[in-house]
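Taking it in order: structure first as structure tokens, then the write-up.
Positions are given from 1, in the same order as the sequence printed here.
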Amino acid sequence: MTRVRRNVAVAGVALSDCGRVPDATPYALHAQAARRALADAGLDRSLVDGFASAGLGTLAPVEVAEYLGLRPTWVDSTSVGGSTWEVMAAHAADAIAAGHARAVLLVYGSTARSDIKSGRRTGELSFGQRGPLQFEAPYGHTLIAKYAMAARRHMIEYGTTIEQLAEVAVQARANAALNPEAMFRAPVTVDEVLAGPLIADPFTKLHCCVRSDGGAAVLLAAEELVRDCRTAPVWVLGTGEHVSHAAMSEWPDFTVSPAAVSGRLAFERAGVRPAEIELAEIYDAFTYMTLVTLEDLGFCAKGEGGAFVEKGRLLVRGGELPVNTDGGGLSAQHPGMRGLFLLVEAVRQLRGEAGARQVRRPDGQLPTLAVASGTGGWFCSSGTVVLGR
């Protein structure tokens, strides 16, 4: 008997309170985002039979599902850093298409900023010293240093300038200025980015993401549930995932991210070309991540990312390819594994719910195709999702 594969839609999306939320717990942010996503979809919680979560508790999906009052028959706890949620979305879409679930809820929440401010945790400069990391940790190979080394390699290899990297931060902040929920909205200039305190050569402070509290939720649903939804569906058209390396010594080329593979797979499976994409939500813990991911997704040739980000191409207002339309991790919010926020923003844009930062075609119509691409670890993993309406 041949099983018919179902189409899969994003039925609901939401953020919890974000930014500075000192009185909330991570569980409360999970619950707030989940309730809002279900309300956004207009579907009852009883329809949710799949659940995906990572980053909280000893048994993340079990503990969080219990807190939310869910008893799922399909679960995922994949944890691959910032790309976790694009990879989970891919797994959930496959499960729904195959008939293993009808509605899967993806939820994340973190009080990263408040935990540091209150002394409950310290800034995580290293991911530990076990496994292959033990051979790098003694040399001061912090997370930021790994990204900085990759950025410097691209500068040496292709002549990318620090001013071009700074342009990514400047344009992210300009997009954040249109987002009333962004943590930082005041405009910045290239000179101000370059004049900031050095964090890891070549990155100054504004080359690096903000640290915030916050949560997000995305509800994926089978096509037969769409007619009962409050909002118009945004369809999952194609997905891709890829892991590259753990040890920096095993990374063949610092100028090529795993998005080169996950993006190619996602576009092929969606049946679209990068040139058809109208907006991109890209993981941006550091400015270099945006630049190199643009290259690897095929929006420009390898080595041309520096030139591509110049002249305002990433801006919501007048940009050829609006990128990180909410301000991204560089300006809007970054509570840790931010990949789920990329999906929320992409869906809101396709629905026409982005307010002052809404992307429109030259003819004034809403966009129909978007891509969300998350990166995990230090370019260790990537998940890419193509969405359309």
Please tell me whether [X] and [Y] are part of a single hydrophobic cluster in this structure, the criterion being side-chain heavy atoms less than 4.5 Å apart.
X: Phe379; Y: Met337; answer: no
X: Ile199; Y: Val188; answer: yes
X: Leu237; Y: Val226; answer: yes
X: Trp251; Y: Val292; answer: yes
X: Leu206; Y: Ile162; answer: yes

One thing to verify: whether [Y] and [X] come together as a salt bridge, which I'm taking to mean a side-chain N less than 4.0 angstrom from a carboxylate O.
X: Lys302; Y: Asp296; answer: yes
X: Arg102; Y: Glu224; answer: no
X: Arg35; Y: Asp44; answer: no
X: Arg6; Y: Glu223; answer: no
X: Asp213; Y: Arg20; answer: no

* To do: May I have the step-by-step check of side chain to side chain contact (heavy atoms under 4.5 Å, CB included) for Leu43 and Leu219, ending in yes or no?
  => CA-CA 10 Å; Leu43 295 178; Leu219 180 66; 4.0 Å; yes
* **Nearest atoms (heavy-atom pairs only) where Gln171 meets Val309** =>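 Shortest heavy-atom separation between Gln171 and Val309 comes out as NE2-O, 2.6 Å.
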* **Verdict with reasoning, Phe286 to Phe203, per ring-ring contact (aromatic ring centres under 6.0 Å, His included)** => CA-CA 8 Å; Phe286 306 96; Phe203 296 147; 5.4 Å; yes
* **pair Val168-Tyr288: side-chain heavy atoms closer than 4.5 Å** =>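 No, every pair of side-chain atoms sits at 4.5 Å or beyond.
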* Side-chain contact, heavy-atom cut-off 4.5 Å: Leu297 with Pro274? ->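 Not touching, per the 4.5 Å side-chain cut-off.
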* To do: Using side-chain contact (heavy atoms from CB on, under 4.5 Å) as the criterion, point out the one residue from Val385, Val386, Leu387, Leu265 that pairs with Thr239.
  =>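 One option only clears the test, and that one is Val385.
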Answer yes if the side chains of [X] and [Y] hold a donor-acceptor pair under 3.5 Å, and no otherwise.
X: Ser382; Y: His242; answer: no
X: Thr255; Y: Asp253; answer: yes
X: Glu63; Y: His30; answer: no
X: Thr293; Y: Ser373; answer: no

Do the ring centers of [X] and [Y] come within less than 6.0 Å of each other?
X: Trp378; Y: Tyr147; result: no
X: Trp85; Y: Tyr108; result: yes
X: Tyr283; Y: His334; result: yes

* To do: Under the salt bridge (charged side-chain N to carboxylate O under 4.0 Å, His left out) rule, collect the residues that match up with Asp40, sequence neighbours excluded.
  =>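 Per chain and number, Asp40 pairs via salt bridge (charged side-chain N to carboxylate O under 4.0 Å, His left out) with Arg230, Arg351.
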* Of Arg357, Gln358, Glu345, the residue whose pairing with Thr325 passes side-chain hydrogen bond (donor to acceptor under 3.5 Å, both in side chains) ->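 Single pass found, and it is Glu345.
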* Asked: Under the 3.5 angstrom rule, does the side chain of Arg185 hit a backbone N or O of Asn179 as a donor-acceptor pair?
  ->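 Yes, Arg185 side chain to Asn179 backbone: donor-acceptor pair under 3.5 Å.
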* Asked: Rounded to the nearest 0.5 Å, how far does CD of Glu66 lie from OH of Tyr27?
  ->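 Taking OH in Tyr27 and CD in Glu66, the distance rounds to 9.0 Å.
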